[in-house]
Amino acid sequence: MRKILLLSTFLFALLTTAQGQGFAFGLKGGMTAGFQQWNNFERDPLLTWHAIAFIETLTEDNAFSLFAQGGFHNRGSAVRIRAFTFVDPNTGGNRRFSGNTTRYEFYNVSLSAGGKQKFLMSNETTSYYYLIGIRGDYNLGTNLDDLSGTNVAFNSPFFPQDPFVRDFTFGLILGGGLEFEFQELFGGLLEVTLNPDFTKQYEQLPIPNVYNPFTMQNQTLSETIVRNVTVEISLGIRFINRVEYID
């Protein structure tokens, strides 16, 4: 956590010294779709949420800015068993299984920094932009203990465990969006970003001699490596603080 605090202090100092004609700040948040592969098996998307505070520089032509942001991001994936109908062998009648969803959640705080290239649209109150930056996450916790705790009959080594969760992950932020003005110093934004991780969120080495309750024999569990990829859709508000120089 100390590394995260030092990084946030550095990013804020960088922006304030490079602010040029002022700065903009605000809040944004919205829907997250989390994707993960477990042992090369692509799991279903985890539909969840995120919340972010941000600050960015302003230039005279408002064409390019540096940004820094930090917030809470729920990352992970899900396993969904769809509803289906089957024939009950005892009664011969149809029965319906309603289905269920198992969520694998990793609660991360994230800091990122990068640049935004903006293009003014014809109405002169809206800009579209693309952005690229680097990102670091710190894991606050997971829901993995809840999963293994409610399935003790399956033997907990078969379920992911918190000791194998990496505290720090690093990756990129890529995306684009729209900025629009409500008033001279107040506006909004709509943004879509792709957030791939370079490093592992979860790494479990092979575990030998694990009892399998289905086969009633010991087996070796294979290595488990998990990386996050998330897609985030954000709505937000922007407050603008312009600096005017008087000769």
Side-chain angles (χ1 to χ4, degrees), residues 7-35 45 47-75 108-137 169-198 227-247:
L7 179 59
S8 63
T9 302
F10 170 76
L11 293 176
F12 183 78
L14 175 66
L15 286 173
T16 53
T17 55
Q19 67 182 29
Q21 300 298 314
F23 62 93
F25 63 96
L27 299 172
K28 58 185 176 180
M31 189 187 77
T32 298
F35 301 89
L47 301 181
T48 180
W49 62 278
H50 63 277
I52 301 168
F54 66 89
I55 184 172
E56 66 178 80
T57 62
L58 294 178
T59 57
E60 187 173 357
D61 58 4
N62 198 31
F64 179 80
S65 67
L66 299 174
F67 71 87
Q69 60 186 35
F72 176 84
H73 299 256
N74 194 11
R75 308 196 192 276
N108 290 1
V109 290
S110 178
L111 287 174
S112 58
K116 296 171 63 173
Q117 183 66 53
K118 305 180 184 181
F119 304 90
L120 186 64
M121 299 179 68
S122 59
N123 62 10
E124 297 188 354
T125 61
T126 304
S127 298
Y128 67 92
Y129 63 88
Y130 63 84
L131 64 88
I132 183 170
I134 56 174
R135 176 176 48 80
D137 282 25
T169 53
F170 301 92
L172 286 177
I173 175 172
L174 309 163
L178 295 171
E179 292 179 354
F180 36 88
E181 290 186 4
F182 298 137
Q183 299 176 4
E184 183 180 358
L185 300 179
F186 175 63
L189 64 85
L190 172 64
E191 184 176 277
V192 180
T193 60
L194 175 67
N195 305 269
D197 279 359
F198 293 146
R227 287 182 175 88
N228 295 312
V229 177
T230 59
V231 176
E232 297 179 344
I233 301 175
S234 303
L235 283 172
I237 54 175
R238 301 174 73 245
F239 300 94
I240 298 171
N241 182 13
R242 297 190 185 277
V243 176
E244 295 184 3
Y245 297 97
I246 300 174
D247 294 332

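Predicted, not measured: the structure shown is a model, and the values here were computed from it.
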If only atom types and distance count, is the side chain of Thr57 paired as donor or acceptor with the main-chain N or O of Leu66 below 3.5 Å?
yes
Should the pair Phe186 and Phe239 be assigned to parallel (<30°), tilted (30 to 60°) or perpendicular (>60°) ring geometry?
tilted
Taking Leu131's backbone N and O only, do any of them form a donor-acceptor pair with Gln117's side chain (distance below 3.5 Å, no angle check)?
no
Rounded distance [0.5 Å steps], CG in Asn228 versus CG in Asp197
4.5 Å
Please determine if Glu56 and Arg238 form a salt bridge, counting it only when a charged side-chain N lies under 4.0 Å from a carboxylate O.
yes
Considering the options His73, Gln69, His50, which one meets the side-chain contact (heavy atoms from CB on, under 4.5 Å) requirement together with Ser110?
His73
Hey, does the Lys NZ or Arg CZ of Lys116 hover above the aromatic six-ring of Phe64, less than 6.0 Å from the centre and inside 45° of the axis?
no
Main chain of Pro196, side chain of Arg135: is a donor-acceptor contact present, judged purely on distance under 3.5 Å?
yes
Could you tell me if Glu179 and Ser127 have a donor-acceptor pair between their side chains, going purely by distance under 3.5 Å?
no
Salt bridge check: are Arg75 and Glu232 linked by an N-O gap of less than 4.0 Å?
yes
Side chains of Thr48 and Met31: does their closest heavy-atom pair fall under 4.5 Å?
no
Distance-minimising heavy-atom pair for Ile173 and Ile134:
CG2-N, 4.3 Å
